[in-house]
Amino acid sequence: KTWQKTKKLKMIGQTGWMVIVAMVAHVLLCPFTKVEESFNMQAMHDILHFRSDIEAYDHHEFPGVVPRTFLGALLVSVLSAPVVFLNNFLGLPKIATLYVVRLVLGLVICKALFTFADAVRFRFGRRVRDIVLFLTAIQFHFVFYMSRPLPNTFALIFVLPALASWLKHQQAAMIAWFTLTIVLFRAEVLIFAGPVVLIELLTARLTLGRFVTVGVVVALVALLSTVAVDSYFWRQWLWPEASVLYYNTVLNKSANWGTSPWHWYLSSVLPRVFGAWLVFLLPAVLLSSRVRPYVLGVFTFIALYSLLPHKELRFIVYTFPMINMFIGVGVERLLKAPLSQRQPVFRALVHIAMIGCAILTLLATHLAVNAATRNYPGADALQHVHRHFGPSRSVHISSAAAQSGISRFLELPGMTYSKAEQWTSATAPEHFDYLLVGEDGIEEHADTHCPRHYAAAASWRFSPSYPFIHFSEGERIFALEHRRLGQCPPRKGGESGGLKGQNVVKGRRVSVQEAPQQQQEQEQGHSHAEGAAEHQEHEHEHEHDSHD
């Protein structure tokens with residue numbers, strides 16, 4: 001058994017460990033999550049901390065536009081439970097369990113990725129496998145998403161083994177994995193599975209009878225599983241993915257969350273994800289007949305999905321490992337081409353091109369990670385309240401703050417939190433010591449609260465001068481403190497409150513006379529290093545709660 005475990009570790013290889021290290025680094029640098037991840041994030045928190053007290057779960061009060069399955073959150077919670085139990089036994093803060101669940105999810109996706117990589121080695125050789133894992137480790141997007149509790153991420157747990165089975169010509173397993181994904185997590189994977197199954201049927205590697213038999217049996221088992229589990233948690237008979245499908249197809253609501261031109265995946269997403277490495281796709285198609293059916297299946301899926309008006313990068317994340325495989329095949333074929341064997345100069349040029357592409361990718365990843373760490377002003381503002389304004393306080397979290405990084409993993413004992421969206425006599429703003437609001441909430445609550453701190457998202461653009469990237473403040477989340485706590489400046493007669501008469505900067509308040517100098521110092525020394533950014537790769541074009 002020890003020899004078998006050692007053999008499996010060796011099969012991961014150095015490039016495999018690079019992927020694990022990159023995933024861990026992403027979690028440590030960017031631990032918070034956005035609104036698209038909120039359901040599964042809160043579900044994992046509730047399963048781990050409330051357990052059988054279903055009525056205390058967050059989804060009863062905030063169900064979202066459409067119900068989601070608990071299966072993914074339940075899987076990660078079960079795997080995380082021993083570490084979370086140890087965390088609670090040692091009395092460590094609850095936020096530590098946020099890192100635990102994200103790391104566990106990332107490791108589960110790593111395991112699925114290594115299954116896929118082993119199939120790549122089986123079909124195209126060790127060098128192509130190593131290139132796939134190396135590219136995955138240095139690129140930003142796939143590693144960024146692999147630890148984030150999105151439905152698309154949970155779908156990767158099954159899609160990657162399905163693609164591995166496709167590469168190994170294990171058609172029954174492929175159908176089973178695809179069917180599980182479609183029924184449990186993402187029905188749109190049917191658009192991916194359709195062309196793949198059609199290719200297998202046309203090449204006679206899969207018979208219609210076997211396809212129907214395996215598909216129906218697995219679909220029934222998956223359907224019974226999701227209905228049983230999710231009906232228990234939602235307290236009603238429910239198949240969540242059917243509700244999502246109805247919302248998107250029958251009601252045709254997905255376009256409400258924004259639209260993009262038909263070519264957006266090809267003209268924007270793929271160049272951002274793969275950069276200069278895309279030049280190796282053409283050699284792969286021209287020089288390897290074995291890769292062409294896989295290229296056809298992947299790009300047919302992208303073309304079909306491009307017909308839908310609402311687009312997000314994560315919707316085609318399943319194709320990224322396959323495209324890295326195509327790039328690896330292109331590199332491998334160029335290095336084995338007769339011209340490369342006869343002309344050492346040509347071979348050297350291929351290596352130089354690879355090194356150049358790797359350097360450009362690492363630079364792009366550095367910028368992307370730098371921006372992504374500034375993406376969560378709500379979480380930053382709440383943590384500032386925890387650090388500087390004392391325990392045993394009450395905090396109201398507005399919708400804007402809740403959508404930008406806050407989850408129940410950030411809560412502290414002794415504090416009272418509310419996300420109520422409608423003011424009532426019990427949840428009136430004057431009852432809360434602190435309010436986390438957007439800029440429009442400052443004037444609204446000026447009679448009872450004053451701004452003490454803000455955290456800002458940041459937009460970025462290329463600059464002609466070093467360091468060639470410029471960050472500027474975007475959306476701001478303010479921490480307002482109740483005037484009864486005695487830290488607010490006195491209001492002058494006739495003032496409407498808010499920012500008039502005072503200027504709020506990151507972390508403290510200064511007078512109007514001090515503000516110009518303080519702001520100039522901030523711009524020169526701090527503005528590029530502070531705040532939170534909405535990174536354009538984390539769907540800057542679609543900053544909303546998408547449920548399609």
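Atom set for the values below is all heavy atoms of this structure, side chains included, hydrogens, waters and symmetry mates excluded.
- In this structure the side chain of E439 never reaches within 4.5 angstrom of the side chain of E475, judged on heavy atoms.
- A25 meets the side-chain contact (heavy atoms from CB on, under 4.5 Å) test with no other residue; sequence neighbours excluded.
- Of the charged side-chain nitrogens involved, at least one lies within less than 4.0 Å of a carboxylate oxygen, so that R186 and E188 count as a salt-bridged pair.
- Side-chain atoms of D230 come within 3.5 Å of backbone N or O of F70 as a donor-acceptor pair.
- Atom-to-atom distance recorded for F144:CZ and M23:CE is 14.0 Å, nearest 0.5 angstrom.
- Atom NE2 of residue H453 and atom CG of residue D380 lie 7.0 Å apart, to the nearest 0.5 angstrom.
- L480 places none of its side-chain heavy atoms less than 4.5 Å from the side chain of C450.
- Panel note: side chain H445, backbone P429; no donor-acceptor pair is recorded below 3.5 Å.
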For a side chain to side chain contact (heavy atoms under 4.5 Å, CB included) check, start with the C-alpha distance between Y434 and H482, then their side-chain angles and the critical distance, and finish with the verdict. CA-CA 6 Å; Y434 295 95; H482 204 293; over 6 Å; no
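- Interatomic distance, CG of L160 versus CG of L113, reported as 6.0 Å (0.5 Å rounding).
- Among residues two or more places apart in sequence or in another chain, the side-chain contact (heavy atoms from CB on, under 4.5 Å) test is passed with A73 by N40, A43, M44, I47.
- The side chain to side chain donor-acceptor pair (under 3.5 Å) test applied to T448 returns no partner, not counting sequence neighbours.
- Other residues, nucleotides and ligands contribute over 12 non-hydrogen atoms within 6.0 Å of the CZ atom of F50.
- R148 places no side-chain N or O within 3.5 Å of a backbone atom of E37 that could act as its donor or acceptor partner.
- Note on residues 413-424: pairs passing side-chain hydrogen bond (donor to acceptor under 3.5 Å, both in side chains), not counting sequence neighbours, are D58-K419, H386-Y417, T424-T427.
- No more than 12 heavy atoms of other residues, nucleotides or ligands shown are found within 6.0 angstrom of OH on Y246.
- Minimum heavy-atom separation, L238 to S243: CD1-OG, 3.6 Å.
- Proximity of the aromatic rings of F274 and F320 is defined here by a centroid distance below 6.0 angstrom, and this criterion is met.
- Between L410 and L98, the closest side-chain pair of non-hydrogen atoms falls below 4.5 Å.
- With 3.5 Å as the limit, one finds a donor-acceptor pair spanning the side chains of Q403 and S399.
- At distances below 3.5 Å, not a single donor-acceptor pair connects side-chain atoms of S268 with backbone N or O atoms of Y265.
- Residue pairs meeting the side-chain hydrogen bond (donor to acceptor under 3.5 Å, both in side chains) criterion with at least one partner in residues 80-96, sequence neighbours excluded, are H45-K94.
- Distance check, rounded to the nearest 0.5 Å: CG of L180 to CG of L71 gives 10.5 Å.
- The structure places CD1 of I109 at 4.5 Å from CD1 of I157, a figure rounded to the nearest 0.5 Å.
- Pairs of residues two or more places apart, or lying in two chains, never qualify as ring-ring contact (aromatic ring centres under 6.0 Å, His included) while including a residue from residues 86-113.
- Relative orientation of the Y454 and F478 rings is tilted, given thresholds of 30° and 60° on the angle between their planes.
- Checking side-chain atoms of S231 against main-chain N and O of A228 turns up no donor-acceptor pair under 3.5 Å.
- Here the side chains of H431 and S394 are not in contact, with every heavy-atom distance at 4.5 Å or above.
- Nearest heavy atom pair, residue I182 against residue A193, reads CD1-CB, 4.3 Å.
- Between M41 and V101 there is a side-chain heavy-atom pair separated by less than 4.5 Å.
- Partners of L86 under the side-chain contact (heavy atoms from CB on, under 4.5 Å) rule, at least two apart in sequence or in another chain, are L90.
- Checked against side chain to side chain donor-acceptor pair (under 3.5 Å), W177 has no partners two or more places apart in sequence or in another chain.
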Quick one, M415 with V395, criterion side chain to side chain contact (heavy atoms under 4.5 Å, CB included). Give me CA distance, side-chain angles, the key distance, then yes/no. CA-CA 8 Å; M415 298 280 288; V395 182; 3.7 Å; yes
Determine, stepwise, if the pair Q383 / V385 fulfils side chain to side chain contact (heavy atoms under 4.5 Å, CB included). CA-CA 5 Å; Q383 288 201 307; V385 170; over 6 Å; no
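- Using a 4.5 Å heavy-atom threshold, the side chains of I477 and V437 count as separate.
- Scanning both residues, G405 and A379, for their nearest heavy atoms gives O-CB, 3.4 Å.
- For the pair P149 and F154, the minimum side-chain heavy-atom distance is below 4.5 Å.
- A donor and an acceptor atom, one from each side chain of T226 and W239, are nowhere located under 3.5 Å apart.
- For S147 (side chain) and G106 (main-chain N/O), no donor-acceptor pair under 3.5 Å exists by modelled atom type.
- Checked by atom type and distance alone, the side chain of S404 never pairs as donor or acceptor with a backbone atom of Y376 at under 3.5 Å.
- To the nearest 0.5 Å, the span separating CG on L75 from OG1 on T69 amounts to 11.0 Å.
- When all heavy atoms of R476 and A456 are compared, the pair lying nearest together is CG-CB, 3.7 Å.
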Which donor-acceptor pairs under 3.5 Å do side chains of residues 131-140 form with protein atoms, sequence neighbours excluded?
| unit_1 | atom_1 | unit_2 | atom_2 | d |
| --- | --- | --- | --- | --- |
| T136 | OG1 | V132 | O | 2.8 |
| Q139 | OE1 | N324 | ND2 | 3.1 |
| Q139 | NE2 | N324 | OD1 | 3.0 |

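- Counting all heavy atoms, side chain and backbone alike, C110 lies closest to M146 at SG-CE, 3.5 Å.
- Shown here are the side-chain contact (heavy atoms from CB on, under 4.5 Å) partners of I54, two or more places apart in sequence or in another chain: Y57, H60, Y232, F233, R235.
- A donor-acceptor contact shorter than 3.5 Å links the side chain of S398 to the backbone of L436.
- The backbone N or O of F432 sits less than 3.5 Å from a side-chain atom of H449, completing a donor-acceptor pair.
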Would I95 and F409 satisfy side chain to side chain contact (heavy atoms under 4.5 Å, CB included), going step by step from the backbone distance to the final call? CA-CA 5 Å; I95 192 174; F409 284 103; 5.5 Å; no
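- Salt-bridge annotation for D46 and R408: present, with a side-chain N of the basic residue lying under 4.0 Å from a carboxylate O of the acidic one.
- Judged as a side-chain hydrogen bond (donor to acceptor under 3.5 Å, both in side chains), the pairs with a partner in residues 149-164 (not counting sequence neighbours) are, in order, N152-R314, N152-Y318.
- Listed for the R484 side chain is a donor-acceptor partner under 3.5 Å among the backbone atoms of E430.
- Within the 4.5 Å cutoff, side-chain heavy atoms of L163 are placed close to those of M322.
- Scanning for ring-ring contact (aromatic ring centres under 6.0 Å, His included) contacts around F32 gives an empty result, with sequence neighbours left out.
- Scanning both residues, E241 and V183, for their nearest heavy atoms gives CB-O, 3.6 Å.
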